[in-house]
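What's counted below: heavy atoms across the whole structure, side chains too, no hydrogens, waters or symmetry copies. Lettering of chains follows the sequences in order, A, B, ..., and the numbering in each one begins at 1.
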2 protein chains.
Amino acid sequence: MSDLLERLRGRGWRMTAQRRVVAEVLDGEHVHLTADEVHSRAVDRLPEISRATVYNTLGELVSLGEVLEVATDKRAKRYDPNAHRPHHHLVCARCGAIRDVHPTGDPLADLPDSERFGFTVSDVEVTYRGTCPNCAST
Amino acid sequence: MSDLLERLRGRGWRMTAQRRVVAEVLDGEHVHLTADEVHSRAVDRLPEISRATVYNTLGELVSLGEVLEVATDKRAKRYDPNAHRPHHHLVCARCGAIRDVHPTGDPLADLPDSERFGFTVSDVEVTYRGTCPNCAST
DNA sequence: GCTTGACTTAGACATTGTCTATTGTAAGAT
DNA sequence: ATCTTACAATAGACAATGTCTAAGTCAAGC
């Protein structure tokens, strides 16, 4: 399974039961869990894992560049393990469902110098919003 | 000043001292305040205004479509009064400064049907990230 | 199998946002 | 001008999310 665990081990990350569980919970495509969701799933496998550890571990994974923070919804941050392949997000305004998407084109090229205000621009984040098929039919 | 107040009045919005102050605080270009910042600036002009009123008023302005919520930073929501002219945001990763920007091109057109997962896509939000001139020089 | 420094824990604390019951008031009616 | 009344504002409790600390625990190297 998870290349994630492999990569982390290779980077000298000290492996503990808690960290393994967090990494396992985050495995997969179209995974965008909040910290609390990660925690409750982790508790299923390792009942004594604490909230602080989940937050710490998520923060480390983000620093290591193995997981992305996304702020699609205005409430909790979500964590996206699909960090090695650049992508953007499509969010359902009704139910909050999130899909990873890969638009064509480069939005960076669409920002003229005159609109950069002297900034060095390094990254773009695109969030598409709409209604998912499920919510549309009800 | 503010067409905002004009428009609100025209829409039958009951005008109170508190609402006027909130609307005034939000007036201008490149304004992206958090609810708490709005509150503290409102307090300067109207010391007895309560936090709840600021939150309520901001929520109403958003519902009315006169103000946009933006989630550029992962902490508090920010409120952008520039709702009548579509635009995106450029954020400094160091200091959090925000500018309104107007990229060319249409990101909606860049999302192929095969990447829409059956969603009806209605809106796009683009956030550019980088370093502002101020932070770059220090 | 020790030792040690890094990891984990519980829970207090901080920040941001929401809700409720009560009091106040803008704006139309008289 | 004053009255009435529905809507708005208030204080403060509560909720959700995230951060920090002091003390205990353990993975990994020796």
(request) Quickly work out the B/Lys77 NZ to D/dA16 P distance and round it to whole Å. (result) 15 Å
(request) To the nearest Å, give me how far apart CZ (B/Arg19) and C1' (C/dG24) are. (result) 14 Å
(request) Look at the side chain of B/Arg14 and the base of C/dT25, then say whether one donor and one acceptor between them are separated by less than 3.5 Å. (result) yes
(request) Write down the distance between CD (B/Glu48) and P (C/dT25), rounded to a whole number of angstrom. (result) 9 Å
(message) Rounding to an integer number of Å, can you tell me how far A/Tyr55 OH sits from C/dG11 C1'?
(response) 14 Å
(request) Could you state the atom-to-atom distance from CD of A/Glu69 to P of D/dT17 in whole Å? (result) 15 Å
(message) Looking at C/dA6, I'd like to know if its phosphate oxygens (OP1 or OP2) sit under 4.0 Å from a side-chain N or O belonging to A/Thr16.
(response) no
(message) Looking at B/Glu69 and B/Arg78, is any side-chain nitrogen of the basic one under 4.0 Å from a carboxylate oxygen of the acidic one?
(response) no
(message) Is it the case that atom CZ in B/Arg129 sees more than 12 heavy atoms from other parts of the structure closer than 6.0 Å?
(response) yes
(message) Is it the case that the base of D/dT19 and the side chain of A/Arg51 share a donor-acceptor contact (distance under 3.5 Å, atom types as modelled)?
(response) yes
(request) Tell me what A/Arg75 touches on the nucleic acid: a base, only sugar-phosphate, or nothing, going by heavy atoms under 4.0 Å. (result) sugar-phosphate
(request) For B/Leu61 and D/dA8, give me the distance from atom CG to atom P, rounded to whole Å. (result) 12 Å
(request) State, yes or no, whether a side-chain contact exists between A/Tyr55 and A/Thr57 at a heavy-atom distance under 4.5 Å. (result) no
(request) Can you tell me the distance, in whole Å, between the CZ atom of A/Arg20 and the P atom of D/dC26? (result) 14 Å
(request) Look up atom SG in A/Cys92 and atom CZ in B/Phe119, then write down how far apart they are to the nearest 0.5 Å. (result) 5.5 Å
(message) For the CZ atom of A/Arg14 and the CD atom of A/Glu60, what is their distance to the nearest 0.5 Å?
(response) 11.5 Å
(message) Counting the atoms with a prime plus P, OP1 and OP2 as sugar-phosphate, which does B/Ala52 contact under 4.0 Å by heavy atoms, base, sugar-phosphate, or nothing?
(response) base
(message) Please tell me if A/Gln18 has a side-chain N or O lying less than 4.0 Å from either OP1 or OP2 of C/dT9.
(response) yes
(message) From CG of A/Leu46 over to P of D/dT25, roughly how many Å is that when rounded to an integer?
(response) 16 Å
(message) At 4.0 Å (heavy atoms only), tell me whether B/Thr53 reaches a base, stays on the sugar-phosphate, or touches nothing.
(response) base
(request) Please figure out whether B/Ala17 or B/Arg78 has its closest DNA chain C nucleotide nearer the 5' end. (result) B/Arg78
